[in-house]
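Step one of this worksheet: look at the structure below.
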Amino acid sequence: KQNLRPEKAVVSTQSTGVATVVEVKKDVSGKPIELRVNIEKLDDKNKPRAFIQWVSDYTIAEVRNYTRLFNHRSPEDPEEVPGGFLSDVNPDSLKKHCAHVESRVRNTPVYTSYQFERIGYYTVDQDSTETKMVFNNTVSLREDSGKS
């Protein structure tokens, strides 16, 4: 996982500069409250391998990612799945995550679609409320190498 941290150079996807944390200021409990960052112009000599996304004005959202609904390629085939297709449902086909999304998406209509940068396309779910946004993955931009 690549993040902004001391001694690790990164580039924000919205920037043309290379950022390196030089100091972390913490409160009395040890929680970081301020980062001092050195930013240099990006060139061929200092191009880091890590690119990060930065969302400064955000709201918390639930993000739902879906994988294969069935464990077998042909769940209706009685030879492959003797117990029938209902016995073949993948209990891990839905993964829910907490995400930081730009606050401007708050209160957008159900079924509005957004691209979450480098991840995929998501649609506002009807479970969304004024205090909690819910997004369903509709198209992934990354292919899982473990898929068959």
Indicate, with yes or no, if V21 and I39 share a hydrophobic cluster defined by side-chain heavy-atom contacts under 4.5 Å among Ile, Leu, Val, Met, Phe, Trp and Tyr. yes

CD of E62 to CZ of R64: how many Å apart, nearest 0.5 Å?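 One gets 4.5 Å once the value is rounded to the nearest 0.5 Å.
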
Please report the interatomic distance NZ(K95) to OH(Y66), rounded to the nearest 0.5 Å.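 Those atoms lie 13.5 Å apart.
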
Which is it for Y122 and N65 under the side-chain hydrogen bond (donor to acceptor under 3.5 Å, both in side chains) test, yes or no, and what are the steps along the way? CA-CA 9 Å; Y122 289 78; N65 291 311; 2.6 Å; yes

Compare all side-chain heavy atoms of [X] with those of [Y] and state whether any distance is below 4.5 angstrom.
X    : Y    : value
K25  : R36  : yes
T108 : M133 : yes
T67  : D92  : no
S87  : V81  : yes
V63  : N137 : no
V124 : F135 : yes
N107 : E130 : yes

Looking only at non-hydrogen atoms, find the nearest pair between [X] and [Y] and report the distance.
X   : Y   : answer
A19 : V37 : CB-CG1, 3.6 Å
I60 : C98 : CG2-SG, 3.3 Å
E40 : N38 : OE2-ND2, 3.4 Å
S74 : E80 : CB-OE1, 3.4 Å

Who are the side-chain hydrogen bond (donor to acceptor under 3.5 Å, both in side chains) partners of N71, not counting sequence neighbours?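 Once residues adjacent in sequence are excluded, N71 has no partner under the side-chain hydrogen bond (donor to acceptor under 3.5 Å, both in side chains) criterion.
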
Please name all residues satisfying side-chain hydrogen bond (donor to acceptor under 3.5 Å, both in side chains) with S103, sequence neighbours left out, ordered by chain then number.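 Scan of S103 (side-chain hydrogen bond (donor to acceptor under 3.5 Å, both in side chains), adjacent residues dropped) gives D57.
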
Ignoring hydrogens and angles, tell me if any N or O in the side chain of [X] forms a donor-acceptor pair with the backbone of [Y] under 3.5 Å.
X    : Y    : answer
D88  : H72  : yes
T129 : T131 : yes
S128 : V134 : yes

Side-chain hydrophobic cluster, 4.5 Å single linkage: members besides F85: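 Its cluster partners, ordered by chain and number, are L69, F70, L86, V89.
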
Given K132 and D125, is the salt bridge (charged side-chain N to carboxylate O under 4.0 Å, His left out) satisfied, shown in steps? CA-CA 11 Å; K132 179 183 175 186; D125 188 89; over 6 Å; no

Are Y121 and F116 close enough that their ring centers fall under 6.0 Å? no

Begin from the C-alpha positions of V24 and E34 and carry the test side chain to side chain contact (heavy atoms under 4.5 Å, CB included) through to its verdict. CA-CA 6 Å; V24 179; E34 183 180 331; over 6 Å; no

Using a distance-only test with no angle check, is there a side-chain donor-acceptor pair under 3.5 angstrom linking S113 and T123?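 Looking only at side-chain atoms, T123 and S113 do form a donor-acceptor pair, the distance falling under 3.5 Å.
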
